[in-house]
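One-based numbering, in listed order, for ligands and for the atoms of each. Heavy-atom basis, side chains included; hydrogens, waters and symmetry copies ignored. Every value quoted in this text rests on a predicted model; they were computed, and no experiment measured them.
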Amino acid sequence: MSDYSGQQGDTLVLEDHQTERELKEPRRVRVLLLNDDYTSMEFVVLVLMDIFRKTSQEATTIMLAVHENGRGECGVYTLEIAETKVGQVHSRAREHGFPLRCVVEDI
Ligand code: TYC
């Protein structure tokens, strides 16, 4: 939260609780998929293709990495887009009765 506190010539004056960087560039975060024992591999590949716009090959590689390592990166997005994608993954998984989890992580 920050207040825009004025303009002095061409200089934008900020309250000290918001940095200039935050005003210029939205916060970017990493979206991770987490492994579990119940979600089917086929479903994870479809999620990666539909929600994260991966090709079939990319999706398969990411799914296998998550299966092996416990977690894996789906992409880097603005916080708002990342949170939307996490919600889409969880809705889709629950519709199909899978416990698939997806989280946002600071870069
Ligand atoms: N471990 C799952 C299985 O063996 C597959 C899986 C991969 C599940 C990635 C979740 O994010 C995941 N069916």
Side-chain angles (χ1 to χ4, degrees):
M1 284 267 281
S2 177
D3 302 308
Y4 166 67
S5 57
Q7 188 95 32
Q8 296 179 345
D10 285 338
T11 307
L12 194 60
V13 180
L14 302 173
E15 295 280 326
D16 57 8
H17 43 271
Q18 182 179 36
T19 64
E20 204 175 339
R21 193 206 63 78
E22 284 174 305
L23 195 69
K24 281 199 297 229
E25 305 157 31
R27 179 177 165 204
R28 287 181 180 271
V29 294
R30 184 176 286 129
V31 177
L32 301 172
L33 268 185
L34 305 183
N35 190 35
D36 66 74
D37 292 339
Y38 304 102
T39 306
S40 75
M41 292 184 171
E42 184 186 17
F43 181 78
V44 176
V45 169
L46 289 175
V47 161
L48 286 161
M49 293 175 70
D50 287 355
I51 298 174
F52 296 98
R53 316 313 300 171
K54 304 299 183 189
T55 64
S56 167
Q57 285 191 357
E58 289 168 341
T60 301
T61 300
I62 295 168
M63 182 280 294
L64 288 173
V66 176
H67 179 69
E68 289 295 321
N69 305 325
R71 65 214 298 265
E73 182 177 318
C74 307
V76 171
Y77 304 94
T78 63
L79 180 61
E80 190 179 8
I81 290 174
E83 285 175 340
T84 299
K85 288 185 185 290
V86 167
Q88 289 171 339
V89 170
H90 289 160
S91 300
R92 182 89 63 100
R94 299 319 166 250
E95 277 167 25
H96 290 81
F98 289 128
L100 182 62
R101 281 169 303 149
C102 186
V103 297
V104 159
E105 180 183 83
D106 277 322
I107 295 177

Sub-3.5 Å N/O-N/O distance, Ser40 and ligand 1: no
statement: Looking only at protein heavy atoms, what sits closest to atom 5 (C) of ligand 1 is Thr39 O, 3.4 Å
field: Check: Tyr38 N/O within less than 3.5 Å of ligand 1 N/O
entry: no
- prompt: So is Val44 polar-close to ligand 1, meaning N/O to N/O under 3.5 Å?
  reply: no
- prompt: Can you tell me the protein heavy atom closest to atom 4 (O) of ligand 1 and the distance?
  reply: His67 CE1, 3.1 Å
- prompt: What protein heavy atom sits nearest atom 7 (C) of ligand 1, and how far off is it?
  reply: Asn35 OD1, 3.6 Å
Nearest neighbour in protein (non-hydrogen) for atom 9 (C) of ligand 1: Val66 CG1, 3.5 Å
- prompt: From Leu32 CG over to Arg71 CZ, what is the distance, rounded to the nearest 0.5 angstrom?
  reply: 5.0 Å
message: Surrounding CZ of Arg53 (heavy atoms of other residues, nucleotides or ligands, distance under 6.0 Å), is the total greater than 12?
response: no
message: Using a 4.0 Å cutoff against the non-hydrogen atoms of Leu100, which atoms of ligand 1 qualify?
response: 10 (C), 11 (O), 12 (C)
- prompt: Is any NZ, NE, NH1 or NH2 atom of the basic residue among Asp106 and Arg27 found under 4.0 Å from an Asp or Glu carboxylate oxygen of the other?
  reply: yes
query: Roughly how far apart are Leu100 CG and His90 NE2, rounded to 0.5 Å?
result: 6.5 Å
query: Are more than 12 heavy atoms from other residues, nucleotides or ligands located less than 6.0 Å from atom CD of Gln57?
result: no
- line: protein heavy-atom neighbour closest to atom 2 (C) of ligand 1 works out as Asp36 O, 3.2 Å
- request: Using a 4.0 Å heavy-atom cut-off, say whether Leu34 meets ligand 1 through its side chain, its backbone, both or neither.
  value: backbone
query: Under the criterion side-chain contact (heavy atoms from CB on, under 4.5 Å), which of Thr39, Thr60, Asp36, Val66 is the partner of Val44?
result: Thr39
- request: Kindly compute the distance separating NZ (Lys54) from CG (Leu46), expressed to the nearest 0.5 Å.
  value: 15.5 Å
